[in-house]
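Comments concern the structure below.
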Amino acid sequence: MMLKRQSRLNLTGAFYLIGGLFFAYLFFGFMLAPCFNTLTSIFSAKNAAGEPDPFAVLRFFLAGNMWKYVWNSLKLAVCLVITVNIVGVSIVLLTEYFDIRFSGILRLGYMTTLIYSGVALVTGYMFLYAGDGILTAFTRNIFPDFRANWFTGFNAVLFTMTFACTSNHALFLRNAIRGIDYNIIEAARNMGASPLRVLFQVVFPTLLPTLFSLTVMTFVTGLCAMSAPTLLGYDSINPEIVRLAGSSAADESFPQARAALLSIILACFTIILLTILSFYERKGHYLSVSKTKARLRKQKITNPIANVLIHLYAYVLFIIYITPVIMIILFSFQTYNAVRMRRLDLKNWTLINFFGQEDYAYLTSRGTYKIREGSVSGVFSNQATLNGIHTSFILSVIAAASACVIVVIACEYIFKHKKSGVILEYALLFPWLLPTILICYSYRVFFNRSDVWYVFNQNLYYADRVRILIIIAYIITKLPFSLRMIRASFYMIGEEMEEAARNMGAGPVYTFLRVKLPVILPSVLAVFALNFNALFTEYDMSAAFSSAYGTTYAMVIQSMSREEGLYGYNINASGRRCASTVFIMILSGIILYLVYGVGSRDLSEKLAIRERRRKRLERLKKIFSKS
């Protein structure tokens with residue numbers, strides 16, 4: 001028995017040693033080394049004479065117009081903090097706090113940004129408001145002097161991202177407001193406080209920690225915005241970094257060093273914000289509540305004028321949220337002529353944007369017709385789109401699963417080894433200190449050579465090896481989120497469960513697989529689903545690694561309109577883009593339903609649903625037996 005336990009300890013020690021060496025390889029090789037190389041590249045630029053000039057880039061930054069990109073990103077981030085918090089708090093109060101008619105339907109509309117985001121969401125808004133958009137064309141028919149290209153630049157980006165970024169409020173602030181003890185509100189009202197005073201002096205203080213976290217997240221999102229500025233023509237930091245990364249010294253002065261400097265500036269802002277957030281969280285904000293918590297009841301708006309205005313405001317927000325979704329769904333079933341003209345033809349419906357192919361006949365300059373075979377094709381019949389879906393699906397599954405596996409093993413070590421586990425925990429959270437674009441740019445530069453010994457002197461940016469680089473970047477950027485979510489599930493494992501398994505002679509591996517893993521598995525699967533959902537339509541990293549072998553689904557969607565009708569090909573690219581957005585909505589909706597719908601139900605809810613199904617089947621049997 002003693003020898004058996006000794007062999008188990010030796011096996012566990014060997015496992016920890018191999019795991020520690022592998023993690024050190026990942027941390028130093030794929031986190032520190034590439035980013036340190038980016039930092040040093042700023043000071044290794046050469047002047048016009050070919051001599052090293054460590055301050056050349058800094059002088060260029062101060063004397064040139066590079067500061068414009070930093071200022072534009074800062075302006076967008078600050079304005080987003082204001083607009084997103086106003087709209088985000090509004091939609092939560094309208095659906096969870098105030099008694100608003102049809103609040104259930106309003107909630108569905110407000111939460112549509114959870115099922116499509118990034119490039120898909122931006123293209124949806126462009127479908128309505130761009131120069132050839134539906135609402136823009138409708139407005140110009142009424143007011144001919146209305147400017148066609150009004151939906152570009154800062155205002156367009158701010159408008160789009162304001163409604164795109166409220167998804168965090170819909171998830172986290174909604175949970176926070178549902179957790180408010182109604183006894184506190186009732187006590188304040190009994191003491192004569194007005195509804196407005198209760199809202200600002202009782203409700204809002206309990207939401208401050210969540211609001212502060214959401215504010216920081218919104219600021220970082222605006223600072224690191226990529227898809228909206230790229231598609232809507234706004235000069236911000238991330239699109240400029242990607243542009244400079246693809247440039248050369250023959251095109252402009254030391255572009256790589258300038259891209260590195262902008263990346264480091266982004267990193268500095270992110271580190272400062274996360275430091276402030278950590279300091280604020282450590283201070284602790286607690287609210288004393290009664291021992292028996294009462295469920296929050298919706299508050300009626302007694303003032304009739306205020307009631308009408310608030311209802312009107314709620315429905316206007318609902319229209320803004322739901323209109324792009326409805327229009328995209330309707331036009332995804334329209335012919336290419338209807339889509340290109342932005343005119344609904346309710347008599348002609350088609351599935352060509354999803355399935356099948358059609359030939360396209362067009363008139364040449366000689367007055368003859370020419371046929372382009374298969375020029376009209378659906379999402380699941382177009383080879384470029386299918387390749388993008390296939391690439392994104394494979395890369396996202398591998399990255400999402402790998403991140404979960406790494407974090408689960410790391411959490412097992414962290415909970416067993418308190419002191420050394422802290423170091424491991426902070427190492428896994430390290431990617432949160434860096435913007436995604438900095439990590440991707442560092443990988444693109446550092447691994448685009450054949451002298452990195454710990455990757456066997458292979459150029460990882462060359463040909464199809466770029467997919468390995470994308471997977472690693474996906475994994476690294478998802479480690480912090482996965483750790484925060486999965487670590488919480490480990491607290492549900494009681495020490496007595498592990499002790500009982502050990503007393504019955506079970507080894508550490510057997511105990512983990514048969515005792516611990518079943519407890520944390522629902523949370524792990526939820527994190528996997530959310531990671532996959534985010535990575536499948538990810539655009540920022542895809543743009544940084546843009547190449548023929550690394551073209552993801554988001555990149556395909558982004559390029560559809562640009563290629564529409566070029567040389568007689570991709571005639572229905574706009575319709576296929578609408579169909580792609582619908583496909584993303586369906587896929588994301590299913591995943592979110594499995595995570596927050598079926599997956600979030602406790603045992604009593606599942607039993608109640610099962611009982612309702614049984615009664616429904618019995619009623620159906622009685623109906624059929626009578627007939």
Side-chain angles (χ1 to χ4, degrees), residues 65-94 110 112-114 117-119 121-126 128-130 133 135-136 147 149-173 204 207-208 210-242 262-263 265-277 280 313 316-317 319-321 323-324 435-437 539-540:
N65 63 349
M66 281 181 63
W67 61 269
K68 176 184 70 174
Y69 301 100
V70 179
W71 165 248
N72 285 350
S73 291
L74 280 174
K75 182 174 71 170
L76 177 62
V78 171
C79 292
L80 271 181
V81 165
I82 299 171
T83 57
V84 170
N85 273 326
I86 290 174
V87 176
V89 171
S90 297
I91 64 174
V92 174
L93 291 178
L94 291 170
Y110 298 155
T112 52
T113 53
L114 292 173
S117 58
V119 174
L121 185 142
V122 177
T123 52
Y125 277 80
M126 289 177 66
L128 292 178
Y129 306 114
L135 295 183
T136 299
R147 190 162 58 93
N149 61 340
W150 69 277
F151 197 69
T152 56
F154 172 76
N155 293 331
V157 174
L158 180 63
F159 179 83
T160 303
M161 293 191 67
T162 293
F163 296 98
C165 296
T166 55
S167 52
N168 287 326
H169 288 72
L171 286 177
F172 302 114
L173 191 61
F204 275 170
L207 303 177
L208 277 179
T210 305
L211 280 173
F212 187 82
S213 299
L214 291 172
T215 297
V216 173
M217 292 167 64
T218 303
F219 192 93
V220 173
T221 301
L223 200 65
C224 303
M226 179 71 179
S227 55
T230 299
L231 295 176
L232 298 173
Y234 183 63
D235 295 329
S236 60
I237 294 179
N238 269 11
E240 179 65 6
I241 292 173
V242 173
L262 289 175
S263 300
I265 290 173
L266 267 186
C268 291
F269 280 125
T270 306
I271 291 170
I272 291 170
L273 285 169
L274 291 176
T275 303
I276 294 172
L277 177 61
Y280 186 81
Y313 174 65
V316 168
L317 283 180
I319 291 171
I320 294 174
Y321 274 100
T323 302
T436 300
I437 194 66
Y539 176 77
D540 297 13

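L208 places none of its side-chain heavy atoms less than 4.5 Å from the side chain of F212. Looking at heavy atoms from C-beta onward, I241 lies in side-chain contact with L266 at the 4.5 angstrom threshold. At a threshold of 4.5 Å between non-hydrogen side-chain atoms, the residues T166 and Y110 do not count as touching.
Neither side chain, T218 nor N85, offers a donor N or O lying under 3.5 Å from an acceptor on the other.
Between F151 and Y129, the ring planes are tilted. Angles from 30° to 60° get that label.
With rounding to the nearest 0.5 angstrom, the CG atom of N72 is 11.5 Å from the CG atom of L223. To the nearest 0.5 angstrom, S73 atom OG is 7.0 Å from Y234 atom OH. Between the CG atom of L94 and the CD1 atom of I91 there is a distance of 8.5 Å, given to the nearest 0.5 Å. Note: T152 OG1 to R147 CZ = 6.0 Å, rounded to the nearest 0.5 Å. In this structure, the separation between CZ on F154 and CG on D235 is 13.0 Å, given to the nearest 0.5 Å. Rounding to the nearest 0.5 angstrom, the gap separating the OG1 atom in T112 from the CD1 atom in I320 is 11.5 Å.
Taking each heavy atom of A228 and M161 in turn, the nearest pair found is CB-CG, 3.9 Å.
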